[in-house]
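In what follows, a structure is listed as structure tokens, so that the remarks can point back to it.
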Amino acid sequence: MDTLYKPQGVEERWQKIWEEEGLYEADPDAPGETFVVMHPPPNISGSLTIGHCLQLSLEDTLVRWHRMRGFNTLFQPGYDHAGISTWAAIGRTLAQEGRSQRDLGRDGFDAYVQEWLERYGGTIMSQFRLLGASLDYRRTRFTMDERYYAAVMRWFVHLYERGWIYRANRIVNWCPRDRTALSDLEVEHEDTDDTLSYIRYPLADGSGHVTIATVRPATILADVAVAVHPDDDRYRDLVGKEVVVPFVERRVPVIADERVEMEFGTGALKITPGHDPTDFEIGRDHDLPEIAVIGADGLMNDAAGELAGLTQEDAGRRVLDWASERGLLEKREHYRHSVGHCVRCHSRIEPLIVPQWWVAMKDLAAPAVAAVTEGRVRFTPDRFARVYLDWMENVRDWCISRQIWWGHRIPVWYCPDGHVTVAETEPRACTECGSADLRQDEDVLDTWFSSALYPFATLGWPEETPELARYYPGHVLATARDIIFLWVARMIFSGLELIGEEPFQEAVIHSYLQNPEGKRMSRTLGTGIDPEEALEPYGADATRYGLLKMTTGQDPRFSWGTIEEGRKLANKLWNASRLLLLAGPVEPAARPSSVEERWILARIEATRAEFEADLAAFDFAHAVQRLYHLTFDDFCDWYLESIKPRLAEEDVRATAFAALERLLKLLHPVMPHVTEEIWTNLPARETRLIVAPWPEPETWEGELDALESAQTAARIYRRSGVRIKLDGDSARIFEAVVRPTDDGGGDLDAERARVQKEIERAERMLSNEKFVANAAPEAVAAEREKLAQYVAERDALG
RNA sequence: GGGCGCGUAGCUCAGCGGGAGAGCACUCGCUUCACACGCGAGGGGUCGCUGGUUCGAUCCCAGCCGCGCCCA
């Protein structure tokens with residue numbers, strides 16, 4: 001054994017052995033309470049980020065912990081086709097060759113994407129393995145594989161038959177770059193600098209004008225009304241009159257609607273149902289026409305007449321010029337407001353009225369709200385339950401159709417007569433007229449429509465498989481907060497609707513790593529950290545440890561120092577085991593005969609209980625910190641040092657190996673490789689550590705503080721050279737651990753003064769009558785205890 | 001516009017009513033027979049600011065200031 005632990009090679013070897021020996025496999029026929037974690041399937045549009053590794057580390061820690069405790073565990077791997085995301089990524093690659101997705105044709109694109117899939121899918125699975133994630137790789141699923149496709153079709157038809165899927169011509173978020181509709185969740189609002197133009201709309205009867213303010217003058221061409229608030233005294237007399245829309249010189253009514261903000265601009269709002277979501281709603285309620293002057297490409301369309309083909313900016317300038325020439329442009333001012341952008345390509349979202357497929361959310365949402373309010377699904381940290389509920393309680397209908405070629409094609413067919421046939425598999429004839437001339441809807445489904453089924457589609461649903469019976473519902477779902485609505489919420493309502501049970505009990509919302517400079521990690525900006533930058537030099541164990549320490553807070557910065565801490569812990573364990581192995585292997589057996597032996601067993605036991613409590617609360621950072629402290633301070637610095645003089649005794653070594661075994665077991669879920677490597681070197685191995693039984697609770701009462709007097713004496717001696725009087729075990733342990741090199745002496749006065757200060761502080765507090773009267777009894781007792789200890793210390797100093 | 005989170009040692013972060021902590025970095029001592037990628041010791045902090053509650057506030061409350069995020 002080398003004096004330095006080198007993870008390279010060791011980790012890869014164990015990863016192969018564990019997988020080849022079938023130790024990652026979930027067996028639905030095996031006994032045991034189940035524990036199921038569905039790992040969120042990464043997008044095949046890219047490789048893993050360090051953030052994925054953080055998520056995987058905490059999941060794998062839970063999975064390995066449960067596996068050792070005898071649970072029948074399923075840790076499910078897979079990857080996601082990631083609709084628009086992959087579509088856009090492929091588009092970027094093709095663009096470099098001067099081509100686009102649509103140049104390939106639908107079939108050509110399918111072929112291209114298959115290659116893409118093999119390349120990225122393979123990379124992702126190999127990165128999972130590199131981290132030591134104990135996923136059941138045999139079960140790897142893809143959200144567009146054949147069986148998964150069948151599940152998605154069933155889901156669509158189910159919702160359709162329920163009457164909750166409908167096609168409607170409504171305003172949607174349109175990305176003019178990718179030329180597809182998006183759901184509300186795929187739009188992000190960004191503060192944008194704009195110019196607010198104040199334009200006069202003359203009254204048709206010539207009695208004056210109304211001034212409106214707009215940031216999008218080009219849309220004036222599609223105006224169908226001017227709206228004011230019903231309580232707005234300034235405009236009360238105008239309601240019911242008509243105004244003339246500039247440029248197009250169309251007469252439109254002035255209407256009253258409560259959705260108008262009186263404070264904005266002049267309080268009069270131009271209504272453009274074709275190009276604004278609020279105006280669309282107002283328009284529908286007032287039966288206004290819907291005019292579209294902007295096309296799918298974001299440019300002015302034919303309805304814009306002489307402005308057709310212009311960009312909105314150019315068209316807007318023409319409109320403003322027109323108004324200005326006629327004295328209708330009152331003023332222009334700077335205006336900063338938030339504008340919707342495509343979450344992927346950052347194009348400015350174009351609200352357009354286009355026919356799309358929708359899911360009515362009302363009936364799906366109600367049970368999903370109840371699941372959380374009734375505590376059947378819990379969030380950690382629990383404040384995210386509120387975030388979830390706020391969204392779910394106010395959820396709007398979900399636009400699920402996308403105008404791209406990558407995804408699950410909508411299972412709807414049209415005959416020449418326009419009849420609609422909805423079926424899970426391709427129908428032979430129109431269900432209404434029997435026509436065999438069927439044309440399938442061109443659109444594909446929102447990628448999240450299929451991801452929503454992940455917790456059961458991966459288990460074989462809609463077939464009644466043994467896996468589905470055994471592993472649904474699952475237990476822990478770990479994810480970052482950015483997909484609470486997109487995915488977590490949708491899994492909950494789909495699971496409730498289709499299976500009748502929520503898909504997991506615990507939604508663990510983990511931290512979102514920032515890069516060391518505090519910036520958001522982004523692959524495209526090059527501000528991210530490639531997992532292999534950590535895995536290669538530090539090893540998976542160190543990386544896992546470090547990442548788990550970074551799970552606190554909301555947006556911790558990635559820090560190499562934390563990974564380094566993990567590497568040191570691995571090395572420390574390695575060398576502690578070397579000490580014992582070099583002293584002479586002997587079968588492990590806890591036969592403690594001294595106070596320090598009982599003490600370490602008690603410390604390990606106490607840490608086991610605390611560690612379990614941390615994991616149960618998903619507090620990974622504190623969990624690993626405990627292990628570090630136990631290993632360095634308790635096990636190495638005190639226990640091993642104190643038994644060194646007696647290492648020749650077989651019982652002492654047997655106990656030490658037994659203690660080491662327990663320590664390795666506690667560390668295994670966090671650092672699986674180094675612990676397994678050491679474990680396999682211990683005498684009398686019968687099983688792999690990965691499936692070794694988790695330590696049972698033990699009782700070592702009254703031993704937790706057994707080393708306190710020796711430790712206090714060590715602190716004083718090391719600081720000042722002053723020896724305090726010790727006897728019996730404490731004296732022996734002090735000698736063994738501290739190995740004092742002189743007879744003491746030292747600065748006795750300084751030590752006395754220090755202790756005296758402490759005594760005075762405690763006495764001062766205890767002489768404060770208000771403290772004694774008002775403080776919690778425990779606080780007062782603790783203070784008395786401290787005083788007693790310092791008095792004892794003073795006496796020991798002599 | 002509404003909501004959430006965070007400002008603690010040079011850095012990354014714990015602590016969240018009763019003497020300010022860890023790891024890294026820094027300084028000093030030690031080649032000690034597991035580990036010098038080690039061991040031991042030390043320096044370093046008006047706990048963002050201002051008020052309030054309390055016998056006592058880094059911790060609770062209010063208001064500011066600064067960062068980050070979500071929803072509309």
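Chain A is the first sequence line, chain B the second, and so forth, proteins listed ahead of strands; every chain is numbered from 1.
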For [X] and [N], what is the distance between atoms [atom1] and [atom2] respectively, to the nearest whole Å?
X	N	atom1	atom2	result
A:R718	B:A41	CZ	C1'	9 Å
A:Q514	B:G68	CD	P	9 Å
A:K770	B:G56	NZ	C1'	11 Å
A:M765	B:G18	CE	P	10 Å
A:K568	B:A25	NZ	C1'	11 Å
A:D614	B:A14	CG	C1'	12 Å
A:I484	B:C70	CD1	P	11 Å

OP1 or OP2 of [N] versus the side-chain N and O atoms of [X]: is any pair under 4.0 Å?
X	N	answer
A:R557	B:U12	yes
A:K572	B:C39	yes
A:T3	B:C35	no

Students often get this wrong, so: under 4.0 angstrom with heavy atoms, is [X] touching a base, only sugar-phosphate, or nothing?
X	result
A:A776	base
A:P556	sugar-phosphate
A:R739	base
A:N571	sugar-phosphate
A:K644	base
A:D184	nothing
A:E188	nothing
A:F632	sugar-phosphate
A:Y5	nothing
A:H189	base
A:E564	nothing

message: Any N or O donor-acceptor pair under 3.5 Å from the base of B:A22 to the side chain of A:E565?
response: no
With a 3.5 Å cut-off and heavy atoms only, can you find an N or O donor on one side and an acceptor on the other between the side chain of A:S577 and the base of B:A34? no
Given Watson-Crick and G-U pairs under 3.5 Å, RNA chain B in dot-bracket ([ ] crossing, | other strand) is ((((((((.[[[[.)..(..]]]].(((((.......))))).....[[[[[..)....]]]]]))))))).
Closest non-hydrogen contact found for A:L196 with A:F264 is CD1-CZ, 3.9 Å
Taking every heavy atom of A:D555 against every heavy atom of A:Q514, the minimum-distance pair comes out as O-OE1, 3.3 Å
Pair A:D614, A:H622: side-chain N/O donor-acceptor within cut-off below 3.5 Å
no
Margin query: Could you check whether atom CD of A:E735 has more than 12 heavy atoms from other residues, nucleotides or ligands sitting under 6.0 Å from it?
Written below: yes
Between [N] and [M], how far apart are the two [atom1] atoms, rounded to whole Å?
N	M	atom1	value
B:G29	B:G43	C1'	15 Å
B:C47	B:U58	P	7 Å
B:A9	B:U27	C1'	15 Å

- prompt: Should the pair A:W487 and A:W448 be assigned to parallel (<30°), tilted (30 to 60°) or perpendicular (>60°) ring geometry?
  reply: tilted
Salt bridge flag under 4.0 Å for residues [X] and [Y]:
X	Y	value
A:E565	A:K568	no
A:E596	A:R646	yes
A:R284	A:E281	no

5'-most contact on RNA chain B (nearest-nucleotide basis), A:A576 vs A:D633, goes to A:D633
Sorted by position of nearest nucleotide on RNA chain B, 5' first, the leading residue of A:R567 and A:M550 is A:M550
Within residues 379-392 of chain A, the residues having a heavy atom closer than 4.0 Å to RNA chain B are A:R383
Does the cation-pi check pass for A:R490 over A:W398, that is, NZ or CZ under 6.0 Å from the six-membered ring centre and within 45° of its axis? yes
Looking only at B:C69, B:C35, B:G18, the nucleotide nearest the A:F771 side chain is B:G18
**Prompt:** With ring centroids as reference points, do A:F558 and A:W560 lie under 6.0 angstrom apart?
**Reply:** yes
